[in-house]
Amino acid sequence: MTSDPFTPDIFVIGGAHIDRIGRSTARLEPGQSNPGALSRNVGGVAGNIARCLAKLQWKVALSTISGQDDDATLLKQQLQDAGIDISLLLESPSHRSATYTAIEDSDGSLVAAIADMAIYESYPVGEIINCLDALPSATRLIADTNLSATALEALALHKGTHPLAISAVSGPKANRAQNILKHIDLLFCNEAEAAILADEYADLAALPEILMEAGVTSGIITKGNAGLSAWKDGQQWSLPAPPVKVKSTNGAGDTLTACVLHALLQAATFEKALRYGMAGASLSLMSDQAVPDILNRPVLESCIADIPQS
C-alpha cells in the first residue's frame, strides 16, 4: 500500500511545545500558595496556529524541533491527535524540549511566565530547504519568529512561489524578521512588535505606512481592545474589537492569525479575512483555552455577523 502524497494546504514552521498554565481559582495573592488548576497542552505560536487550522478542516503540516523527553512525546501525540502532519518535525538529542510556564489570575490575566525556548535556536537552517523541497508548489507558509534570524532569512530567500506569512511572536523576538521585511507577503504583529520592526515608538499611527515602505505588502497590527489596523497593496483598514467577556488572552493572536489564513485559503477578500480573524480572536478570548474547543467552520461563520465592518 502506498502512503498518501505530502500535499498540505498550509505548512507551519516555528514554535510548538508544551504549555503549562496554572490558574488561580480566586484572586491571586502574590507571595502566597494559591489554590488553582494546572493544564498541560500543546502551545507555542506555530503549534496554536496549526491546531486552529486543523480544527477548521485544513490539511496542515508542521515542522518544529523538540528534545527526546516526555514533553516531546506528549507534543507529538497531541499534534497527531489533532490531525496534523508531523513528518517534518525534528528531534534534538542534545537539547530539552521548549516549554512555556505561566501563572494566570482567576480572570485569565497573565501574572508571570517563563519561556524556556533555547532549543529553537538550534533548528538547522539546512532543514528549511528540505522542508520547502518537500512541498507542492504554491503552498501557503506561516512561520513564527521563534526561529532564528538565520533560519528566517533562509526561509524567505528560498520560498519561491510559496506565499510567506510571518508571526512576530514577541517584542524581543520581532527583530529577527528585520532583514526579510521585503520578502514577507503577510505580517502578523502587535503594536509593540510593529514598533520594533519599524523603529518607530512615538507615532504608532504611522506604523502601517512605515512597514509598507519597508516592503511588507500586507500586514495586520493587533491593538488589544482597540482592534486592529491592516494594509494590503497600499490600501488600509481599521477594525474595532467587538466587546467580549474575556476568560483568557492566551492564544487570541494565534487564533486571529489562523482564522485570517483560513479565509485566505478560501479565496476571501483581505477585508473579509480581517473579520474572520477578529471573530476567531473573540472566540479565543471567551475561552480559557489557547485554541478554543468550540472553534469550527460553522461556529466561526456564525460569529462573523457580530464583527463590525471596517
Non-hydrogen atoms of Ile307 and Arg275 that approach each other most closely: O-NH2, 3.0 Å
Can you name the closest pair of heavy atoms from Lys247 and Arg23 and give their distance? O-NH2, 3.3 Å
Separation between OH of Tyr123 and OG of Ser63, rounded to the nearest 0.5 Å: 2.5 Å
Check the hydrophobic clustering (I, L, V, M, F, W, Y; side-chain heavy atoms under 4.5 Å; chains of links allowed) and say if Leu110 and Ile21 are grouped together. yes
According to the ring-ring contact (aromatic ring centres under 6.0 Å, His included) rule, which pairs have a member within residues 45-67, sequence neighbours left out? Trp58-His262
Are Leu79 and Val42 packed together at the side-chain level, in the sense that at least one heavy-atom pair is separated by less than 4.5 angstrom? yes
Can you tell me how far the OG1 atom of Thr249 sits from the CD atom of Glu104, to the nearest 0.5 Å? 6.5 Å
Could you state the interatomic distance from CG (Leu187) to CD (Glu193), rounded to the nearest 0.5 Å? 8.5 Å
Between Asn190 and Thr222, does any side-chain donor sit less than 3.5 Å from a side-chain acceptor? no
Taking atom CZ of Arg20 as the centre, does the number of heavy atoms from other residues, nucleotides or ligands within less than 6.0 Å exceed 12? yes
Evaluate whether atom CD1 of Ile114 has more than 12 neighbouring non-hydrogen atoms of other residues, nucleotides or ligands under 6.0 angstrom away. no
Flag the pair Asp116 and Arg96 as a salt bridge only when some basic side-chain nitrogen lies within less than 4.0 angstrom of an acidic carboxylate oxygen. yes
Correct closest heavy-atom pair for Leu28 and Pro30 would be O-CD, 3.5 Å
NZ of Lys232 to CG of Asp185, rounded to nearest 0.5 Å, is 8.5 Å
Phe270 versus Gln235: any side-chain heavy-atom pair under 4.5 Å? no
Can you tell if the side chain of Ser87 reaches within under 4.5 Å of the side chain of Phe6, non-hydrogen atoms only? yes
Provide the closest heavy-atom pair for Gly280 versus Thr255 in the form atom of the first, atom of the second, distance. O-CG2, 3.2 Å
Looking at CG of Leu300 and CD1 of Ile294, how far apart are the two atoms once the value is rounded to the nearest 0.5 Å? 10.0 Å
Test of understanding: clusters of I, L, V, M, F, W, Y form through side-chain heavy atoms closer than 4.5 Å, transitively. Do Ile10 and Val260 belong to the same one? yes
Are Ile184 and Leu132 connected, step by step, through hydrophobic side chains (Ile, Leu, Val, Met, Phe, Trp, Tyr) whose heavy atoms are closer than 4.5 Å? yes
Distance (rounded to the nearest 0.5 Å) between Thr25 OG1 and Asn34 CG: 8.0 Å
Salt bridge or not between Glu213 and Lys182? Use side-chain N to carboxylate O under 4.0 Å. no
Go through it in stages, so that I can follow the logic: the residues are Asp69 and Ser97, the test is side-chain hydrogen bond (donor to acceptor under 3.5 Å, both in side chains), and I'd like the CA-CA distance, side-chain angles, deciding distance and then a yes or no. CA-CA 7 Å; Asp69 46 33; Ser97 295; 2.7 Å; yes
Non-hydrogen side-chain atoms of Ile220 and Leu274 separated by less than 4.5 Å: yes
Modelled atom types, side-chain donor and acceptor of Lys223 and Ser229, under 3.5 Å: yes
Leu181 side chain near Leu197 side chain, heavy-atom distance below 4.5 Å: yes
Is the closest basic N to carboxylate O distance between Arg176 and Asp144 below 4.0 Å? no
Modelled atom types, side-chain donor and acceptor of Gln78 and Asp81, under 3.5 Å: no
When Arg40 is tested against each of Asp71, Asp70, Asp19 for salt bridge (charged side-chain N to carboxylate O under 4.0 Å, His left out), which residue passes? Asp71
Taking NZ, NE, NH1 and NH2 as the nitrogens, is one of them in Asp107 or Arg27 under 4.0 Å from a carboxylate oxygen of the other? no
When you compare the side chains of Asn250 and Ser248, does any donor N or O come within less than 3.5 Å of an acceptor on the partner? no
In short, Leu157 meets His183 closest at the heavy-atom pair CD2-NE2, 3.7 Å
Between Ser122 (side chain only) and Ile119 (backbone N and O only), is there a donor and an acceptor less than 3.5 Å apart? yes
Does CG belonging to Asp133 count more than 12 external heavy atoms closer than 6.0 Å? yes
Step by step, would you call Asn130 with Glu127 a side-chain hydrogen bond (donor to acceptor under 3.5 Å, both in side chains)? CA-CA 5 Å; Asn130 292 339; Glu127 285 299 321; 3.3 Å; yes
Is there a donor-acceptor pair under 3.5 Å between the side chain of Glu200 and the backbone N or O of Asp203? yes
Establish, from distance only, whether the side-chain atoms of Gln236 and Glu209 form a donor-acceptor pair under 3.5 Å. yes
Shared hydrophobic cluster, Ile84 / Val291 (ILVMFWY, side-chain heavy atoms < 4.5 Å): no
Shortest non-hydrogen contact between Ala168 and Thr145, atoms and distance: O-OG1, 2.5 Å
Residue pairs, two or more places apart or on separate chains, that pass ring-ring contact (aromatic ring centres under 6.0 Å, His included) and touch residues 66-101: none
Verify same cluster id: Ile210, Trp231 (apolar side-chain graph, 4.5 Å): no
